Amino acid sequence: NLRLWSTTVPAQDFDLAAFNSGDPSKAYEAHLNAKKICHILYPGDESLEGKVLRLKQQYTLCSASLQDIIARFESRAGESLNWEDFPSKVAVQMNDTHPTLCIPELMRILMDVKGLSWSEAWSITERTVAYTNHTVLPEALEKWSLDIMQKLLPRHVEIIETIDEELINNIVSKYGTTDTELLKKKLKEMRILDNVDLPASISQLFVKPKDKKESPAKSKQKLLVKSLETIVDVEEKTELEEEAEVLSEIEEEKLESEEVEAEEESSEDELDPFVKSDPKLPRVVRMANLCVVGGHSVNGVAEIHSEIVKQDVFNLFYEMWPTKFQNKTNGVTPRRWIRFCNPALSALISKWIGSDDWVLNTDKLAELKKFADNEDLHSEWRAAKKANKMKVVSLIREKTGYIVSPDAMFDVQVKRIHEYKRQLLNILGIVYRYKKMKEMSTEERAKSFVPRVCIFGGKAFATYIQAKRIVKFITDVAATVNHDSDIGDLLKVVFVPDYNVSVAEALIPASELSQHISTAGMEASGTSNMKFAMNGCILIGTLDGANVEIREEVGEENFFLFGAEAHEIAGLRKERAEGKFVPDPRFEEVKEFVRSGVFGTYSYDELMGSLEGNEGYGRADYFLVGKDFPSYIECQEKVDEAYRDQKLWTRMSILNTAGSSKFSSDRTIHEYAKDIWDISPAILP
């Protein structure tokens, strides 16, 4: 069952007196404030109001869901209720950090409502809750203001503080107190509360003895002794000895008094600043750390991503609890993403493998491999693709007014608009292609380029200005290219508005090339890449996320690979910061072309400027568009070459569908369930 929660207030909160006095707004105020929580999900969190509303939304999801889960557990258990059975009957999977409040909320209910002790509640919570990390981006590793949480959820803050203190004690117990620098590093990175005072008992471990201030008397005495040791001349030595002896009593007393004062000043040792909060910095709750500490399992969603989680994002936790960490590669349902959205291809698959068992057992798709060179299947396969493309031709005309040719290659990138997903790399590649076309004669163009319809879709978050600029840039390029009579059907650019699942169900079956070109190491998995592969679409991409596994499954020769690899990224950014990066002339050429005004009067200095310089916020090409640009456009030339050979292309397409069996969500769900309850997938429904 899917649950959709709403929020309201008791009827008595309706202010009848205000209503009768002619102030309906005031009368309904409490009801409206409650309804606001679930009215629109995820407001922009730039403002305090946005932050507060978002926290209320996250708490609503956690509390309502847990209350429902617990009520059902109690109802089913009846008189034989045993809370120790709860983890074997219930699994709470936290997807990213948005539902982290499940941990303190479950603790609160078990202790404050059900009367369990702390140790009982913690044991149950830890065995019930697990955490899936879906991205390494900062916005997914939420840090909530402790002050805001204290105001809205004071009891939960008390619980989180206790969890944090127990974590600190565990870290101290495991790593000891001999190496305080190591301990400091562990606590700094692993604590749940950041910029919050350490408990007093732990603070004492980080006392730094003050350097004792040497008294003037002692200094003078040392100087005289040193002088006497180094002087060989007997007469001079005698004079110095006499000088030391004739120090007046007044001077002696003065020096002794200074010595006592110096010793008193140095008697107090000082605490390492690390143990105290910095009033200039915000106090925050690191929700990702709470997820790792509070759950029995932590997983990434693709093999490469899970390794990054272990070796980078949560490395210190992995060192402490290595058995907690595992991988669960994402999956998508073949019922929706082949059977429902692509009936023509579904019928073909069933016909050629002899049944429709593949719908429930995607391993059967591998049987298509033996028909990969069959000319009859090739012919039917291309016909099914053409029929789907015709539907998209109509969709594009309806949504944008642009008329595109179904005979051109359909090259698609549809996903959330984000700099790391690099729609900017795609559109700059298109601009470069357009520029080269304009420099050629009609005959040269036709010979050098395969006709393409380049389709974009996706949403940019309301406050993500750079993402909005990228959307604007794509639409400006489209307006210029699509009205260029010299180019005609050789190149079209389309941004499909209001991208959603229904649009995806039309675009994905019609796609021939799909772009999954994120900066390596930044895409956790991706799932659209799986949907495209299932539908016989060939991918161009980096070794990132599930691309790595898709390429292994469909065959390296059936995947267009380019770009830097994840292990190179940190070094490349360092090289950039040191001013050692030399951009490819083709990259400089395309930026200059954009700035020439060929795509309208809008200034793209901010957008192009983000790809330049060696340091600074919004500069230095953090996502390595310039670094990967030469490799990308060269890989696109290979795409053109392969597409000209339709027999080769169709074979590649068939093998993409045949190799996508691993990416069914059935397999993913079975793997999660097997780990949670330790039962064989064979007996799962």
Side-chain angles (χ1 to χ4, degrees), residues 96 131-141 189 288 292 298-319 322 325-330 413 415-416 418-426 429 514-530 532-533 539-556 558-578 580-581 583-584 587 610-611 620-635 662-663:
D96 265 342
Y131 168 48
T132 298
N133 175 275
H134 281 276
T135 170
V136 299
L137 294 178
E139 57 258 39
L141 304 175
E189 291 191 32
V292 176
V298 179
N299 72 277
V301 289
E303 288 173 4
I304 186 174
H305 170 236
S306 294
E307 284 304 307
I308 291 169
V309 165
K310 289 192 294 186
Q311 303 304 330
D312 184 11
V313 185
F314 298 122
N315 181 249
L316 295 185
F317 288 104
Y318 174 63
E319 289 176 356
F325 289 80
Q326 52 180 280
N327 174 61
K328 292 285 179 285
T329 299
N330 275 337
Q413 188 181 20
K415 50 184 79 242
R416 181 165 56 99
H418 199 292
E419 287 168 280
Y420 89 85
K421 292 179 183 283
R422 300 202 295 191
Q423 285 89 352
L424 185 54
L425 175 60
N426 185 352
S514 181
Q515 306 217 24
H516 303 273
I517 57 177
S518 53
T519 310
M522 301 199 73
E523 184 73 86
S525 169
T527 50
S528 68
N529 46 8
M530 302 171 185
F532 282 103
L539 309 189
I540 179 172
T542 52
L543 280 178
D544 198 23
N547 284 0
V548 178
E549 292 156 80
I550 290 173
R551 183 169 175 260
E552 289 171 358
E553 295 294 315
V554 305
E556 294 178 7
N558 302 309
F559 184 105
F560 292 103
L561 178 69
F562 76 95
E565 296 184 24
H567 68 272
E568 300 175 291
I569 301 302
L572 290 169
R573 286 182 178 142
K574 184 172 181 285
E575 180 185 274
R576 181 74 182 235
E578 292 169 353
K580 295 176 183 175
F581 173 69
D584 188 279
F587 186 58
S610 71
L611 306 174
D621 193 11
Y622 184 78
F623 301 97
L624 304 180
V625 173
K627 173 64 182 176
D628 281 350
F629 185 77
S631 173
Y632 176 69
I633 59 174
E634 286 160 15
C635 192
K662 177 182 175 180
F663 306 105

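In what follows, every heavy atom counts, from backbone to side chain, and hydrogens, waters and symmetry copies are set aside. Along the sequence shown, residues are numbered consecutively beginning with 1. Everything numeric here is computed off the predicted structure, so don't read it as measured data.
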Answer yes or no: does atom NZ of K421 have more than 12 heavy-atom neighbours from other residues, nucleotides or ligands under 6.0 Å?
->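 Yes, enclosed.
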
Mark yes when over 12 heavy atoms from residues, nucleotides or ligands other than Y622 sit less than 6.0 Å from its OH; otherwise mark no.
->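 No.
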
Could you pull out all residues at least two apart from V554 that satisfy side chain to side chain contact (heavy atoms under 4.5 Å, CB included)?
->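 Scan of V554 (side chain to side chain contact (heavy atoms under 4.5 Å, CB included), adjacent residues dropped) gives I550, N558, N656.
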
Nearest 0.5 angstrom please: [X] [atom1] to [Y] [atom2], how far?
X	Y	atom1	atom2	value
I633	L425	CD1	CG	9.5 Å
T132	D96	OG1	CG	8.5 Å
L424	H418	CG	NE2	13.0 Å
M530	E553	CE	CD	10.5 Å
I517	E523	CD1	CD	11.0 Å

Quick one: ring pair (Phe, Tyr, Trp, His ring centres under 6.0 Å) partners of F623, sequence neighbours excluded?
->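 Result, ring pair (Phe, Tyr, Trp, His ring centres under 6.0 Å) vs F623: none returned.
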
Sequence neighbours left out, what passes ring pair (Phe, Tyr, Trp, His ring centres under 6.0 Å) with F562? Give chain and number order.
->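 Partners of F562 by the ring pair (Phe, Tyr, Trp, His ring centres under 6.0 Å) criterion, ordered by chain and then number, come out as Y632.
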
With sequence neighbours left out, what residues match [X] under side chain to side chain donor-acceptor pair (under 3.5 Å)?
X	answer
S306	N327
D312	none
E307	K310
S610	Q466

So, for [X] and [Y], which heavy atoms are closest and what is the spacing to 0.1 Å?
X	Y	result
K415	Q515	CE-O, 3.6 Å
L543	V548	C-CG2, 3.7 Å
F559	T542	CZ-O, 4.4 Å
A546	A302	N-CB, 3.8 Å
A288	L141	CB-CD2, 3.7 Å
C635	I540	SG-CD1, 3.9 Å

Kindly say whether [Y] contributes a backbone atom to a donor-acceptor pair with the side chain of [X] at under 3.5 angstrom?
X	Y	value
D584	P630	no
T135	A524	no
N529	H516	no
S525	V301	yes
N330	G526	no

Scan residues 561-574 for pairs that pass salt bridge (charged side-chain N to carboxylate O under 4.0 Å, His left out), counting only residues two or more places apart or in two chains.
->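 Found K574-E578.
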
Pairing residues for [X] by the salt bridge (Lys or Arg N to Asp or Glu O under 4.0 Å) criterion, not counting sequence neighbours:
X	result
E634	R586
E575	none
K662	E303, E549
D544	none

When the ring planes of F314 and Y131 are compared, do they come out parallel, tilted or perpendicular, using 30° and 60° as the limits?
->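 Because their plane-to-plane angle is over 60°, the rings of F314 and Y131 count as perpendicular.
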
Check whether any side-chain heavy atom of R576 lies under 4.5 Å from a side-chain heavy atom of L624, and answer yes or no.
->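 Counting from C-beta outward, R576 and L624 never come under 4.5 Å.
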
May I ask you to test the N315-E319 pair for a side-chain heavy-atom distance under 4.5 Å?
->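 Yes. Closest side-chain heavy atoms under 4.5 Å.
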
Show your working on side chain to side chain contact (heavy atoms under 4.5 Å, CB included) between V625 and F587 and close with a plain yes or no.
-> CA-CA 9 Å; V625 173; F587 186 58; 4.1 Å; yes

Going by atom types alone, do Q326 and K328 pair a side-chain donor with an acceptor below 3.5 Å?
->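 The answer is yes; a qualifying pair exists.
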
Determine, stepwise, if the pair H305 / N133 fulfils side chain to side chain contact (heavy atoms under 4.5 Å, CB included).
-> CA-CA 9 Å; H305 170 236; N133 175 275; 2.8 Å; yes

